[in-house]
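Note on naming: letters A, B, ... go to the chains in the order of the sequence lines (proteins, then strands), and numbering restarts at 1 for each one.
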2 protein chains.
Amino acid sequence: MLTKEALKNIFPDWEDGLYEAILKEAELKEAKAGTTMLKMGQNIKSAMLVVEGTVKLYQEDEDGGEYFMYHLNPGEACAVTLVCNYHHEQSQVLAKAVTDIQYLAIPIEFMEKWLNEFKSWHYFVIRTYRSRYEELLKTIHETAFKNMDERLEFYIKRHVKQFGKTINLTHQEIANDLNTSREVVSRLLKKMEHNGWIIMNRNAFEWMK
Amino acid sequence: MLTKEALKNIFPDWEDGLYEAILKEAELKEAKAGTTMLKMGQNIKSAMLVVEGTVKLYQEDEDGGEYFMYHLNPGEACAVTLVCNYHHEQSQVLAKAVTDIQYLAIPIEFMEKWLNEFKSWHYFVIRTYRSRYEELLKTIHETAFKNMDERLEFYIKRHVKQFGKTINLTHQEIANDLNTSREVVSRLLKKMEHNGWIIMNRNAFEWMK
DNA sequence: TGTATTGAGTGATATTTATCACAATGGCGT
DNA sequence: ACGCCATTGTGATAAATATCACTCAATACA
């Protein structure tokens, strides 16, 4: 069970009553690494606040394609689930657990209520939207202006920042995240290896740059 | 000069005190069609709320490229300018006046203050971020998954929704917005003409689909 | 220990988009 | 009416990316 102290560490700057409301109303849930936590088109029933682990957020295509947008870390929340005034609001994003996850699920009926009740919740929602908006801007910048080699580099750097210099991803997984093909990723990584930017192993490689 | 009644029409759902604060503190400014209202990297000194006209928001590249993201209409605000707690916050977007514009410029020192003071302002900021976030999701979707022909179609449809079936843009302007070349746009438009989707004139064309 | 499976390497080719070069057209000002 | 200039049309070619068809290597596991 989560204590108030633990909550304070993960979500600082909240007011007292908010911690108590969370402890009372939110359900602490778990998700295994690799699980899909939220699908596109799915009805949103609760807000999702990450307590432990890393979540990846995607834009999903009609025919199965996925496009990686950004990570969610402990203390962060899935923006789209935070403001669902109307019933049957559908998710525009796909969320997947990268690691084993602990998260707080708060039924959406509290969202409107808490916006009124807790100033610190209000700020939290705004901060969340602002930072997610900025992440999207970066994603658009890469996608709109850069070729695949630069996009791959950006992708790897983001991964390194999250998880360190050892990248445990197959070329296929990277290709999926970038919505390109495995062959393209393989060839570009080979080029990076020639340049001395990475050292490749099976199922993983090291970022040296 | 703006009256409180006029403000109420453009920005409904605000509380009384907020209208008065706006009338007191905001400056009603104008911008000519074609003007750049906010550049990337520029220090943000005031929030921008559109009163009259249409603004286009872009992501800007280091070497001059522009990528169109979405429109701002009367009653809408530039999200990035709404939450600038810290001084010297720099714009991540480029804003251009499409038509002649009237807008409210509110010095950023009021942003923090009004978040505390006016609940309806708080809601306005959240609504703004939410809707802009959703626009960005659409933009990413098109950019990441679609080829140029579909992206062009999406672009035209958005334009039609804004301004009607007559599109008064040169091929070059469209190409700039999509970060492609004029030749590509010309050829794709020609294809659409063959398909009977558009009727082309000089400097303009009609959307028939 | 052999065998199946998954991940990676790579050539050949197709498709999409970008770039270059130049011609044709139409509108606008003088 | 003429000429200029912005706009559009279009072929040729290059570059980037996607797709197909394999091979080869590693490791999982029976």
B:Lys96 NZ/CZ over B:Tyr58 ring centroid, <6.0 Å and within 45° of normal
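Yes - B:Lys96 lies over the ring of B:Tyr58, closer than 6.0 Å to its centre and within 45° of its axis.
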Cation-aromatic face contact B:Arg132/B:Tyr70, 6.0 Å, 45 degrees
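Cation-pi check for B:Arg132 and B:Tyr70: passes.
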Starting from [atom2] on [N], measure out to [atom1] on [X] and report it in whole angstrom.
| X | N | atom1 | atom2 | result |
| --- | --- | --- | --- | --- |
| A:Leu169 | C:dA8 | CG | C1' | 15 Å |
| B:Asn176 | D:dT7 | CG | P | 11 Å |
| B:Leu152 | C:dT16 | CG | C1' | 15 Å |
| B:His194 | D:dG9 | NE2 | P | 10 Å |
| A:Met200 | C:dA8 | CE | P | 7 Å |
| B:Lys191 | D:dT10 | NZ | P | 13 Å |
| B:Asn201 | D:dG9 | CG | C1' | 16 Å |
| B:Lys190 | C:dA24 | NZ | P | 15 Å |

Does this structure show an ion pair linking B:Glu153 with B:Lys209, if we count only N-O contacts that are shorter than 4.0 Å?
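The answer is yes: the pair qualifies as a salt bridge.
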Under a 4.0 Å threshold between the charged nitrogen and the carboxylate oxygen, would A:Lys138 count as salt-bridged to A:Glu134?
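No, this pair does not count.
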Using only heavy-atom distances, determine whether the side chains of A:Tyr67 and A:Thr139 contain a donor-acceptor pair under 3.5 Å.
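No donor-acceptor contact under 3.5 Å links the two side chains.
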Residues B:Asn9 and B:Glu5: side-chain donor-acceptor under 3.5 angstrom
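No, because no side-chain N or O of B:Asn9 sits under 3.5 Å from a partner of the opposite role on B:Glu5.
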Can you measure from OH (A:Tyr103) to CG (A:Leu72) and round to the nearest 0.5 angstrom?
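Reported to 0.5 Å precision, the distance equals 13.0 Å.
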Reading 5' to 3' through nucleotides 25-30 of chain C, protein heavy-atom contacts under 4.0 Å coded B for base, S for sugar-phosphate only, - for none:
BBS---
Using a 4.0 Å cut-off on protein heavy atoms (strictly under), produce a 5'-to-3' string for nucleotides 11-21 of chain D with B for base contact, S for backbone-only sugar-phosphate contact, and - for none.
BB---SSSBBB
Any side-chain N or O of A:His171 under 4.0 Å from OP1/OP2 of C:dT6?
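No, because none of the side-chain N or O atoms of A:His171 sits under 4.0 Å from OP1 or OP2 of C:dT6.
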Which pairs pass salt bridge (Lys or Arg N to Asp or Glu O under 4.0 Å) with one or both residues in residues 173-185 of chain A, sequence neighbours excluded?
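Residue pairs passing salt bridge (Lys or Arg N to Asp or Glu O under 4.0 Å), neighbours aside: A:Lys56-A:Asp177.
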Would you say the ring centroid of B:Phe154 lies under 6.0 angstrom from that of B:His159?
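Not close enough - the centres of the two rings lie 6.0 Å or further apart.
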